[in-house]
Engineer: 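Next up is a structure, given as structure tokens.
In listed order, ligands and their atoms are each counted from 1. In this text the structure is predicted, and so the values were computed from the model without any measurement.
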Amino acid sequence: MRPTIGIEVHAQLLTASKMFCACSAAYANAAPNTHVCAICSGMPGALPAINRRAVEYTLRTALALECRVEGTSKFDRKNYSYPDLPKGYQISQYDRPIGVDGGVEYAVGGTRRRCGIIRVHLEEDTGKTTHVRSDGRDVSLVDYNRSGVPLMEIVSAPDLRSAEEAREYFAALRQILMYLGVCDGNLQEGSMRADVNVSLRAADGTPGTKVEIKNLNSFRAVQRSVEYEVERQRQEIAAGGMVQQETRGWNEAREVTVGQRTKEYADDYRYFPEPDLPWLAFRGEEIEAARQALPELPAARTARFEREFAVPAGMAAVLTGDRTIADLFEAAVREAGSATPREVANWVVGDVLRLMNERHLAPEEMHLTPERIGRLVGLVAGGEISVTAGRQALEAMVERDEEPEAAIDRLGVRQVGDEGELTELVRCVVAENAAIVADVRRGKVAALNVLLGKAMKASGGRANPGMVRELLERELAEG
Ligand code: ZN
Ligand code: MN
């Protein structure tokens with residue numbers, strides 16, 4: 001039994017206004033039904049107009065996902081009745097989506113895989129229904145603020161084979177949309193939702209019955225629900241039963257999928273062309289210009305970082321995880337003086353990201369410009385300050401919006417590399433530790449490290465350790 005998994009992702013586009021009207025699309029913190037007009041509340045006779053930006057974003061995404069974009073595309077009505085759908089139909093795309101036949105690269109455990117993309121199309125979101133208890137009665141409240149917000153739907157081929165692949169595909173897709181600047185990728189707020197199709201293919205190749213898990217909005221939910229569903233279907237079949245074609249939901253608290261509706265209610269949307277909207281037409285040069293304007297995407301950038309900066313694959317992937325961090329790293333490399341790109345990468349991956357996570361800061365809130373990071377790493381690489389001092393300085397830079405040199409001076413952690421000063425220090429340590437010095441002279445190598453430790457301590461950690469060791473060796477050889 002081999003799992004066969006496909007994912008449909010709905011992504012909210014980062015447009016200012018809704019898909020077919022001028023209402024604001026920023027509904028998150030608005031009072032209910034304040035971002036509503038005749039069009040998005042479904043008043044009879046109201047006429048929709050297409051949001052140009054939403055079309056551009058979808059075209060951009062289709063091209064980034066290596067889809068074929070035909071010269072024309074159209075909108076269709078998908079008919080169904082639900083309280084959060086005031087028109088009684090959703091404007092979507094049926095047989096002429098904006099993009100078809102693409103693919104996404106993603107990595108699982110260090111291996112690169114590709115998942116086909118069947119289609120990328122544009123549609124509108126629904127309103128939101130909340131069921132509450134009010135004055136001793138069960139009531140349903142409908143908020144149309146989200147009604148008509150632009151949604152892009154990306155349908156994958158059933159190329160995924162495991163829960164982990166499903167998770168990594170979803171993560172890769174999110175990263176691409178964020179790189180493209182078309183979606184904020186905020187999973188908690190529902191900016192991206194995944195519907196996952198899971199079936200088990202028999203050993204002889206016979207496809208299994210497909211079960212759809214709806215509305216998953218975290219990487220964890222995608223992975224855990226697929227794991228659960230694969231196992232549930234396996235057991236069903238092993239027990240001699242049949243998997244029922246149905247839609248299931250994911251119960252986060254109990255970590256189980258729960259049946260919602262079966263095939264008897266199979267969707268029949270009676271799609272037909274939306275008569276109130278013109279067809280979309282893409283000129284060849286328009287498509288070409290959009291293709292040229294695509295940013296370097298995460299997979300390509302990761303490969304380039306490995307090649308150009310000689311950083312290991314895992315580290316390159318961490319660096320490119322967030323576009324702002326990747327930009328910061330790349331610009332810092334140019335400012336880092338004698339430090340190698342690998343050293344800059346160590347600092348960004350190890351310390352900058354650690355601070356960012358520990359303090360729950362966005363990259364923009366770190367006060368870290370490429371110049372600041374580059375200069376700090378350069379100072380460590382050049383032996384001006386120790387690694388420990390560098391870490392202290394970095395924290396100060398983040399906390400106090402300081403330049404690295406200012407932080408280093410204020411903390412008093414600049415390394416002492418002055419030979420006269422260090423010779424003085426070494427002589428004191430030798431004079432005060434006659435017994436240990438005798439041990440060294442008897443050939444006890446470890447004893448030298450004890451002296452080195454004492455010298456470092458005496459300098460308040462600021463002495464250049466390499467120079468101290470050299471001076472100690474010289475001093476003891478002479479004595
Ligand atoms: Zn409206
Ligand atoms: Mn849809």
Engineer: Do any of the N, O or S atoms of H10 sit under 2.8 Å from the Mn ion (ligand 2)?
Structural biologist: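 Here the distance criterion (N, O or S atom, under 2.8 Å) is met by H10, so yes.
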Engineer: Will you find, in the side chains of E123 and H10, an N or O donor that is under 3.5 Å from an N or O acceptor?
Structural biologist: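 Note: E123 and H10 side chains meet the donor-acceptor criterion.
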Engineer: Please determine whether C23 has a backbone or side-chain N, O or S atom lying under 2.8 Å from the Zn ion (ligand 1).
Structural biologist: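 It does: C23 brings an N, O or S atom closer than 2.8 Å to the Zn ion (ligand 1).
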Engineer: Identify, by name, the N, O or S atom of E123 lying closest to the Mn ion (ligand 2).
Structural biologist: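 The E123 atom nearest to the Mn ion (ligand 2), restricting to N, O or S, is OE2.
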Engineer: If we ignore angles and hydrogens, is there a donor and acceptor under 3.5 Å between the side chains of T257 and S225?
Structural biologist: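 Not at all, the side chains of T257 and S225 share no donor-acceptor pair under 3.5 Å.
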Engineer: Are R113 and Y106 in a cation-pi contact, defined as NZ or CZ under 6.0 Å from the six-membered ring centre and within 45° of the axis?
Structural biologist: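 Checked: cation-pi criterion not met.
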Engineer: Would you kindly check if the NZ (Lys) or CZ (Arg) of K78 is within the cone defined by 45 degrees around the ring axis of Y271 and under 6.0 Å from the six-membered ring centre?
Structural biologist: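 No cation-pi geometry.
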Engineer: Among the N, O or S atoms of E153, which one sits nearest to the Mn ion (ligand 2)?
Structural biologist: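 Answer by atom name: OE1.
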